[in-house]
Amino acid sequence: MFIRSLISILTVFLILSCDSDDASVQNALELNRQKWQRQDIKNYSIQEKHLCFCAGLEWQIFVQDGVKDTVIVSAPYVDYQPYADTFEKARSIEEAFEFIQNFDTNNVDSFEVTYNSKYGYPTEISIDSKKGVADDEITFAYSNFSPN
């Protein structure tokens, strides 16, 4: 009887502790998204880089009236893929928030997000599918933010 109770308590604890990582990601997301929305910045540019053991991608995103308007691809990657594909992959700040919100953290070993302390937008989204496996990590880095 004691062992059964102990197993039940441990099971509940494990379930809650697994959810706490996801909850902390969502709490940080909401706090920073609110900070970003309070700024009410509708026109800006930001640089997004994909850091991985792949053909790392880099572009500058321009947002006008809250809508992704233009994406300028860095020179080494211009011939890598069609502009329409690049435009689709490039994330505005709001699209980055949506990506974080909708990401299923249960399918990866590590999902970490850092935010800009002044504006609240994500500066890095780091994903490691399997700890101990080489070359499966990817980081989406956002820098050179400029409100217009």
Side-chain angles (χ1 to χ4, degrees), residues 9-148:
I9 291 170
L10 287 174
T11 302
V12 169
F13 175 75
L14 287 172
I15 290 170
L16 291 175
S17 66
C18 290
D19 290 341
S20 68
D21 285 345
D22 192 44
S24 66
V25 167
Q26 293 303 318
N27 288 339
L29 166 68
E30 288 310 312
L31 288 172
N32 284 287
R33 183 181 250 167
Q34 289 171 6
K35 184 185 289 187
W36 168 252
Q37 289 172 341
R38 279 193 304 271
Q39 308 288 327
D40 197 33
I41 299 170
K42 302 294 182 201
N43 302 312
Y44 64 88
S45 65
I46 193 163
Q47 184 175 13
E48 180 184 32
K49 291 182 185 179
H50 293 195
L51 308 170
C52 58
F53 292 96
C54 54
L57 304 173
E58 180 178 341
W59 39 68
Q60 191 77 15
I61 303 162
F62 295 87
V63 175
Q64 298 295 319
D65 296 322
V67 178
K68 184 170 47 178
D69 181 62
T70 307
V71 175
I72 299 176
V73 181
S74 297
Y77 310 108
V78 171
D79 296 328
Y80 180 71
Q81 58 188 355
Y83 179 78
D85 291 345
T86 302
F87 188 84
E88 183 66 32
K89 288 179 183 175
R91 291 188 187 99
S92 67
I93 291 173
E94 190 54 46
E95 289 170 327
F97 281 127
E98 290 172 17
F99 175 79
I100 296 163
Q101 179 177 339
N102 295 326
F103 193 87
D104 185 358
T105 59
N106 295 316
N107 292 327
V108 297
D109 283 344
S110 176
F111 183 82
E112 298 176 5
V113 182
T114 56
Y115 295 90
N116 178 277
S117 60
K118 181 177 180 181
Y119 294 105
Y121 66 85
T123 55
E124 280 192 358
I125 304 169
S126 299
I127 304 166
D128 188 355
S129 297
K130 295 192 185 293
K131 290 223 184 270
V133 174
D135 302 344
D136 70 324
E137 304 88 354
I138 186 166
T139 298
F140 303 99
Y142 299 87
S143 61
N144 298 324
F145 173 73
S146 177
N148 301 329

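Side chains are part of it too, since the values below use all heavy atoms of this structure and drop only hydrogens, waters and symmetry mates.
Taking CG from N32 and CD from Q37, the interatomic distance works out to 11.0 Å, rounded to the nearest 0.5 Å. The OG1 atom of T123 lies 9.0 Å from the CD1 atom of I46; values are rounded to the nearest 0.5 Å. Rounding to the nearest 0.5 Å places OG1 of T105 at 12.0 Å from CD1 of I100. Separating the OG atom in S143 from the CD atom in E48 is a distance of 10.0 Å, to the nearest 0.5 Å. From S110, atom OG reaches atom NZ of K131 across 4.0 Å, with rounding to the nearest 0.5 Å.
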Requested in this report: With side-chain contact (heavy atoms from CB on, under 4.5 Å) as the test, would you mind laying out the steps for F145 and N116 before giving the verdict?
Outcome: CA-CA 10 Å; F145 173 73; N116 178 277; over 6 Å; no
Report task. Show the numbers, then the answer: is there a side-chain contact (heavy atoms from CB on, under 4.5 Å) between I93 and E95? Result -> CA-CA 5 Å; I93 291 173; E95 289 170 327; over 6 Å; no
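The two residues S92 and Y44 have their closest heavy-atom pair at CB-OH, 3.5 Å. The nearest pair of heavy atoms linking V108 to D128 is CB-O, 3.7 Å. Taking both residues in full, the closest heavy atoms of N148 and Q64 are given as ND2-NE2, 4.0 Å, listed atom of the first, atom of the second, then distance. The shortest heavy-atom contact between I41 and P147 is CG2-CB, 4.1 Å. The two residues V25 and Y115 have their closest heavy-atom pair at O-OH, 4.5 Å. Counting all heavy atoms, side chain and backbone alike, Q101 lies closest to R33 at OE1-NH1, 2.6 Å.
In this structure, D65 contributes its side chain and V67 its backbone to no donor-acceptor pair below 3.5 Å. At least one donor-acceptor pair under 3.5 Å links the side chain of K68 to the backbone N or O of A90.
Residues W36 and Y142 place their aromatic rings such that the two centres sit no closer than 6.0 Å. A ring-centre distance under 6.0 Å is found for F111 and F103.
Classified by interplanar angle (parallel below 30°, tilted 30° to 60°, perpendicular above 60°), the ring pair H50/F140 is perpendicular.
Under the rule for a side chain to side chain donor-acceptor pair (under 3.5 Å), the partners of N144 that lie at least two apart in sequence or sit in another chain are Q47.
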